[in-house]
Amino acid sequence: MTGTEIDDKRITLEEAARIVPDGAHLFWGGFGYQRAPIAFARELVRQKKRGLTIYTCGSEVDLEIMVGAGVATRFDIAFTAIEALGLANNMRRRVAEGKAQVEDYSNLAMAMRFMGGALNVPFMPIRSLMGTDMVQYSRYRGDKKLKVIDCPFTGEKICLVPSAKPDFSIIHVQRVDKTGNAQIDGIVGEDLEGARCGKKLIVLAEELIDVDEVRSRPDQTKIPAMYVSHVVVAPFIAHPVQCHNYYDYDLEHLMMFHKMTKTEEGWQEYLKSFILDVENHYEYLNHVGWEHLMSLRAKKPWGY
Amino acid sequence: MTGTEIDDKRITLEEAARIVPDGAHLFWGGFGYQRAPIAFARELVRQKKRGLTIYTCGSEVDLEIMVGAGVATRFDIAFTAIEALGLANNMRRRVAEGKAQVEDYSNLAMAMRFMGGALNVPFMPIRSLMGTDMVQYSRYRGDKKLKVIDCPFTGEKICLVPSAKPDFSIIHVQRVDKTGNAQIDGIVGEDLEGARCGKKLIVLAEELIDVDEVRSRPDQTKIPAMYVSHVVVAPFIAHPVQCHNYYDYDLEHLMMFHKMTKTEEGWQEYLKSFILDVENHYEYLNHVGWEHLMSLRAKKPWGY
Amino acid sequence: MVKCSKIEFLAAVASTHVRDGENVFGGTGLPLLASLLAKETHAPHANLISEAGFIDARPRNVPLSVADSRFYYGCSASIGLIETLGFILQAGRVDVGFLGAAQIDEYGNLNTTYIGSFDKPKIKLPGSGGGNDIASSAKRLIIIMTHEKRKFVKKLDYFTSPGHLEGPGSRKKWSMVGGGPSVVITDKCQFDFDPKTLKIRLMSVHPGFTVKDILDDVMFDVIVPDRVPTTKEPTQEQIDIMHRLDPNGIYLAKGGE
Amino acid sequence: MVKCSKIEFLAAVASTHVRDGENVFGGTGLPLLASLLAKETHAPHANLISEAGFIDARPRNVPLSVADSRFYYGCSASIGLIETLGFILQAGRVDVGFLGAAQIDEYGNLNTTYIGSFDKPKIKLPGSGGGNDIASSAKRLIIIMTHEKRKFVKKLDYFTSPGHLEGPGSRKKWSMVGGGPSVVITDKCQFDFDPKTLKIRLMSVHPGFTVKDILDDVMFDVIVPDRVPTTKEPTQEQIDIMHRLDPNGIYLAKGGE
């Protein structure tokens, strides 16, 4: 009925990282080995950001990179490790050194904090955490970490977790149009709530699709453009983890990464070789090698 | 990896309605002119149910039928009318007669009550309702209708609405497999939360699809089988309103319905002709006429 | 002077209050027609949202229901109520919402629930629907009403949706997200709200009506500025566009002259 | 007596605790292997859920991550965390959840967060993840741990996930949805919990170990019944199925003999 002009929100990965100031609070998307915006973490490192606070349920390689390089120092999270391989070595070292602080929640607590932020209410009620040290101890939020109250309807105990409204939400999706309408394949983790809780939203996508394609099947849009501040389109954003329907994780690289991070020297070597000494994301991909990357491409109908 | 036997949850519309006892509390799916389980309302009327309490955001023809026939007497709702045509005449009459009671909430309040029920927490916080008569007056919930509290984190006023956990959730979807995995096209309204908040869930669907089809694209499943107690498959469940991608609303019938309900006599005539005098759903469709029904079928790519 | 019906006049006037690029909660009926007209004229980037779940809608036929499939094709996202009323509206992302009402008071508070007493209602009206949510959380509220004296009351029979409640400070007291009503459009005039008292104020009078006509047709005191301009009439282009949008006169034929 | 590794033994024992038709929070690693083995043997209708969002999963290759795409094809729904941890788990729909831990106390309370003091932690462990949620809300909890004395402690360094807290009545006090731990499986024995005190109790000892071996390897008092049976060994069929499920030995090769 109308044919209006459409904004083009695309910027480069470098430009997107430049928008994030030191000390900013970031919702961090992806879950486990799926759709982690790791290219963005590498770019934040190259730009020598400092003092970031990261909000997520559980992240792995990206958190290791950011905590290892000193980019992020505070973490409102539930989990970090390299699943199936072992502890998050960088996080372990930085916490022991006193250089990183973790405010511990559970996955449900974090997901509900993002939902509360997206809904613009000050808290959400959950039935977890109660009775444990997550109620007793706080790393830096003090008595604003959570509240256990008597339910005014039932009298039972209920835990209120404070809504999260970070400065930015950073999420990685399969497809986006230039205005920001984003499609996600497979699981969404906590990304729908997380994308909506940040004051600004940067969407990183593997593939650009046309606005008309979005508008022909709008029930596939997981994040409408009206939430989106900036769009970055690039391939293999999640490498070395996976992106459903696009590529599998790079188990070889993950094992190398986990092994190298076991010592500070090993980590510094990885940091230099795969992040600081490559100029940008494409140089990183060149360094990893395209023949290798192509071997990771997803096969139908499996999606990995 | 495994090939297990699968339960077949299909029953007839009559059997499904028979499961609902007098006095039961029901979440009622659909929104506005979209995917309303009206065939189920007609069957409840034929089976002469009494004393039902209905929970929904806004429903139209189905509520008119249930309140008009005396099947449902209490309503936790936000809205009822025949959109674009006028007031809900049966509801208006029954309320004036003192035969129906409405506990008034807003759409967001009801949707959050369903989300709270689905999450199994006793309440959810919202920023609506405050300052108005929806806080001052209660029809039958008394001081359990809602609570306005001072937020323990921010000190600001916030409204807590009690979670809804009705005995049954009744929803209408486009497609379902025999185990209950349901797919919805178009908007979902409040049906995702509503489907999950009831103690039992009855899914009514236009079309049966194979389990293998569901398992080949599981991100299209809006309601997993594990929530579903019973499945009913039948065509034109929402007639005279619409079902996206399947059929448009029957404006002629809607106008007739609205006009006839303007008087008790007119409503009684409709009730007899289109509900009581037809033996079952297929007899109703025969009565409406298949040539007419086929003319309502949705056209691609519009979905109506 | 173009010839136009009440509905055409109302829709055209309402459309002028939608600004380009705004997120608009349009509903159905007149507000929808006004929003679509705005999109076709001065506000092509307006983002039309229907509370049932449609975002950035561009219907080729006028929808009759907020959940109408006519909103679907060509919109950019089709989700649900938690999305529109929660993540979008309650989060403060809606610039302008449209509402109608059966009664309005001098602070722009609205009744869409009961006529008569709460205990023995004479008429059950539709209820809040998303109205209370929109009135609580939209940045700006445009109210459209037919102008009958019995609708402009000193005290609402039932207070469904907040305008400026009891005046300055009231909305803040309840930590409301939105700014409240900015304009009331009737088939006789436009009202806005006095910034100091937040009470209703005459803004402009439609052609053919006098200030006295208006004051005779409300049951409370109206602030009347020294100069009350005449409301600008629709252009022929606006009327033509409306008829292109609603070729079967589904809305335009209603209550038309 | 079949020859089998520790991992094979643990997985086979754990699998026996999954009942047919149950909703199982499987995670990855050993619990996943145990759940899949149960599905292939006595519990074909078990509904395997991964907290990342996969429901009724039937992976043809063993996933390494709870979010692994290997869970996708063939599952019946692929959604997100609010679905699995909120609508399913917190609503009391999960029959059995699996957890591991770095430390456990005599009430089955778990630490997966820090070794050392909270103020100056020696080792940052993964944290709760969904562990606290699962421990709070699953009807039954199966805990799998390698049996080292330093892990079976009188007092946890950090209390991450609730077992039976301080004993009878504790879970009710915090209105917990789930029933708490029912069994702890180590590479030396199985524990259950004394119904009266809700303290850990020896349930069976694996072949090759004595009751004394167990008591020597925990730092708290263990209730020991008069008769302690020997844990039933895996069958060759179970071991074969495990190797079919994990042909590349991704989990089976880890810590194997």
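Heavy atoms only: backbone and side chains are in, while hydrogens, waters and symmetry mates are out. Below, chain A is the first sequence line, B the second, and so on; all start at residue 1.
- Distance CD1/Ile55(C) to OG1/Thr221(A): 8.5 Å, rounded to 0.5 Å.
- Within 6.0 Å of atom NZ in Lys200(A), 12 or fewer heavy atoms from other residues, nucleotides or ligands are found, so the atom counts as exposed in its surroundings.
- Chain A forms more heavy-atom pairs under 4.5 Å with one residue of Asn47(C), Ile88(C), Ile79(C) than with any other, namely Ile88(C).
- The environment of Lys172(C) atom NZ is sparse: at most 12 non-hydrogen atoms of other residues, nucleotides or ligands sit within 6.0 angstrom.
- In Glu166(C), the CD atom is not crowded: 12 or fewer heavy atoms of neighbouring residues, nucleotides or ligands sit closer than 6.0 Å.
- Under a cut-off of 6.0 angstrom, the local environment of CD in Glu237(C) is sparse, with at most 12 non-hydrogen atoms contributed by other residues, nucleotides or ligands.
- Separating the OH atom in Tyr73(C) from the CZ atom in Arg217(A) is a distance of 11.5 Å, to the nearest 0.5 Å.
- With a threshold of 4.5 angstrom between heavy atoms, Asp219(A) approaches chain C through its backbone and through its side chain.
- Put simply, the side chain of Gln90(C) never gets that close to the backbone of Asn120(A): no donor and acceptor are under 3.5 Å apart.
- Both the backbone and the side chain of Asp56(C) come within contact range of chain A, with heavy atoms under 4.5 Å apart.
- Minimum heavy-atom separation, Arg93(C) to Arg196(A): NH2-O, 3.2 Å.
- Residue with the most contacts toward chain C among Ser216(A), Ala118(A), Pro218(A), Pro224(A): Pro218(A) (heavy-atom pairs, distance under 4.5 Å).
- Per-residue counts of heavy-atom pairs under 4.5 Å with chain A were compared for Ser175(C), Ser76(C), Ser78(C), Gly86(C); the largest is that of Ser76(C).
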